[in-house]
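This report refers to the structure that appears directly beneath it.
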Amino acid sequence: MRVPVLALLLLAPLAARAEEDTPPPPATASVARLFNHLLYGEMGAAELLPVPSLPGCSMAREAVFDVERLLAAARAEGIELGAVSCFRSIQHQRRVFCAGAGNCDTVAALRARFVAPPGYSEHATGYAIDFVQRGGDCRAVEQCFFLTPGGQWLMRHAPAFGFEMSFPAGNKQGVGWEPWHWRWVGAPAARARFAAAQASFPALPAAPHIKTAAGPEGRPPSLETAPGGGIYAVSASRWGAAILLASSATLRP
C-alpha cells in the first residue's frame, strides 16, 4: 500500500525535533535526506535572540552579533538589507510547506525545490536567514535578488561575517538556486550543524574557513573569480545572462 508523501512529511520531523536543552545533533545525523534536503534538528528557544535591526527576526544568540555587523556594513555603503525569514520552527515549517497547495502529495517534490519539508530546513537551526533588498523592485525570495545591490554586496562581503550561500546556482544537492538564503557558520556549533552539507555540497561563496575550488582557505571567491566560467559575474544590465543563469535551477513553483 502506498504511503502518502504528506504522511511521511508529517512523521519524519518528529525524529528530528530537538528538545530546548538538547545540543545540536552530530554531523553524522544530518545525512538523511528528503527531496534532496538534509535532516536538521530545531534550535531550542533558550538559545535564540531577536535581531535588533530586524523586527520579528530571531536567530541563534551567537549569530546575532555578526548579523548586526553585516547589516551595519551594508548600510554604511548605502545598501539597506532586510530579512523575510530567520528562525522558523519545525511546526511553522509544516504549515508553510503546503501553503496554497490543493494536493500536497502531488506537488511536494516540486515545492521542495525552494521550500524545505518540515524538519529539513536550515531555518530551524537558528543559523539561516533569507535576506531581502529594501526599497527595490525585486520581490522577496525571488532569484532577481542576486542582481540587486544587496544581493551583489552579499556575494562580495557576506563571507567576511561568517555567512555562506547554501544553495548556489546548479548546486549538486539538487535544491533550487536561492541567492537570498544564507547560513551562518561563524562558530564551531554552527559548523558542526552544517558539516555534512559542507562536505558533500559546498556553498558558494563559502565562509573563509572553508576551502573551495576558487582558492585557498581564507579567500572566498568573488564575483569575478567564481568557478564555472564566471557564472556569478552578472551585472544588473545583463538580464539575458541572468535568465540563462536562473535556468540552471528550476524556477519557483
Side-chain angles (χ1 to χ4, degrees), residues 9-10 12-27 29-30 32 34 37-72 74 81-99 111-112 114-134 140-141 145 150 154 158-159 161-167 175-176 178-198 203 207:
L9 295 176
L10 295 176
L14 298 179
R17 187 180 182 93
E19 296 297 333
E20 293 189 356
D21 57 353
T22 301
S30 298
L34 181 63
H37 291 273
L38 278 67
L39 179 64
Y40 293 105
E42 180 177 310
M43 176 67 73
E47 299 303 316
L48 297 170
L49 283 179
V51 179
S53 298
L54 301 173
C57 171
S58 294
M59 294 187 69
R61 60 174 62 245
E62 56 190 351
V64 171
F65 178 69
D66 276 347
V67 177
E68 286 290 293
R69 289 200 309 124
L70 180 151
L71 295 172
L81 287 169
V84 67
S85 187
C86 300
F87 168 78
R88 291 202 302 255
S89 68
I90 291 176
Q91 181 179 7
H92 178 80
Q93 193 73 18
R94 185 179 294 115
R95 291 197 301 268
V96 303
F97 184 72
C98 292
R111 288 189 61 79
F114 288 94
V115 182
Y120 294 78
S121 172
E122 292 187 348
H123 286 284
T125 69
Y127 295 121
I129 183 171
D130 289 345
F131 287 106
V132 65
Q133 172 76 58
R134 288 176 171 167
V141 296
F145 174 73
L154 287 170
F161 299 90
F163 284 89
E164 59 186 23
M165 186 189 293
S166 302
F167 309 117
V175 176
E178 297 189 2
W180 60 84
H181 179 97
W182 296 73
R183 65 188 178 212
W184 184 79
V185 291
R191 291 193 291 273
R193 182 77 77 157
F194 299 115
Q198 291 173 334

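The residues of the chain are indexed from 1 along the displayed sequence.
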Query - Rounded distance [0.5 Å steps], CZ in F163 versus CD1 in I129 - result: 6.0 Å
Report summary line: When R88, M59, H92 are each screened for side-chain contact (heavy atoms from CB on, under 4.5 Å) with H123, the one that passes is R88
Query - Option among R191, R183, E164 that satisfies the side-chain hydrogen bond (donor to acceptor under 3.5 Å, both in side chains) test with Q198 - result: E164
Report summary line: Correct closest heavy-atom pair for R111 and V96 would be NH2-O, 3.2 Å
Query - Minimum heavy-atom distance between S166 and H181, given as atom pair plus value - result: OG-CD2, 3.4 Å
Query raised in the report: When you measure from the side chain of S121 to the backbone N and O of P118, does any donor-acceptor pair fall under 3.5 Å?
Result: no
Report task. Determine, step by step, whether W180 and L154 satisfy the side chain to side chain contact (heavy atoms under 4.5 Å, CB included) criterion, reporting the C-alpha distance in whole Å, the side-chain angles of both residues, the deciding distance to 0.1 Å, and the verdict. Result -> CA-CA 9 Å; W180 60 84; L154 287 170; over 6 Å; no
**Report entry** Closest approach of V132 to A83 (non-hydrogen atoms, all atoms of both residues)
**Finding:** CG1-N, 3.7 Å
Query raised in the report: Which residues pass the ring-ring contact (aromatic ring centres under 6.0 Å, His included) test with H37, sequence neighbours left out?
Result: none
Query raised in the report: Distance-only, no hydrogens or angles: does the Q133 side chain make a donor-acceptor pair with backbone N or O of G150 under 3.5 Å?
Result: yes
Report task. To the nearest 0.5 Å, tell me how far E42 CD sits from F87 CZ. Result -> 4.5 Å
Report summary line: Between A207 and V185 the two heavy atoms that sit nearest each other are CB-CG2, 3.5 Å
Report task. Kindly confirm or rule out a cation-pi arrangement of R193 over Y127, judged by NZ or CZ under 6.0 Å from the six-membered ring centre and within 45° of its axis? Result -> no
Query raised in the report: What's the shortest heavy-atom distance between A116 and F97, and which atoms?
Result: O-CD1, 3.4 Å
Query raised in the report: Closest approach of E68 and V51, non-hydrogen atoms and distance?
Result: OE2-CG1, 3.2 Å
Query - salt bridge (Lys or Arg N to Asp or Glu O under 4.0 Å) partners of R69, counting only residues at least two apart - result: D66
Requested in this report: List the steps, then state whether side chain to side chain contact (heavy atoms under 4.5 Å, CB included) holds for W184 with F161.
Outcome: CA-CA 8 Å; W184 184 79; F161 299 90; 6.0 Å; no
Query - Flag side-chain contact, heavy atom, 4.5 Å: I90 against Y40 - result: no
Report task. In sequence, state the C-alpha distance, the side-chain angles, and the governing distance for L49 and E62, and then conclude on side chain to side chain contact (heavy atoms under 4.5 Å, CB included). Result -> CA-CA 9 Å; L49 283 179; E62 56 190 351; over 6 Å; no
**Report entry** pair F131-L70: side-chain heavy atoms closer than 4.5 Å
**Finding:** yes
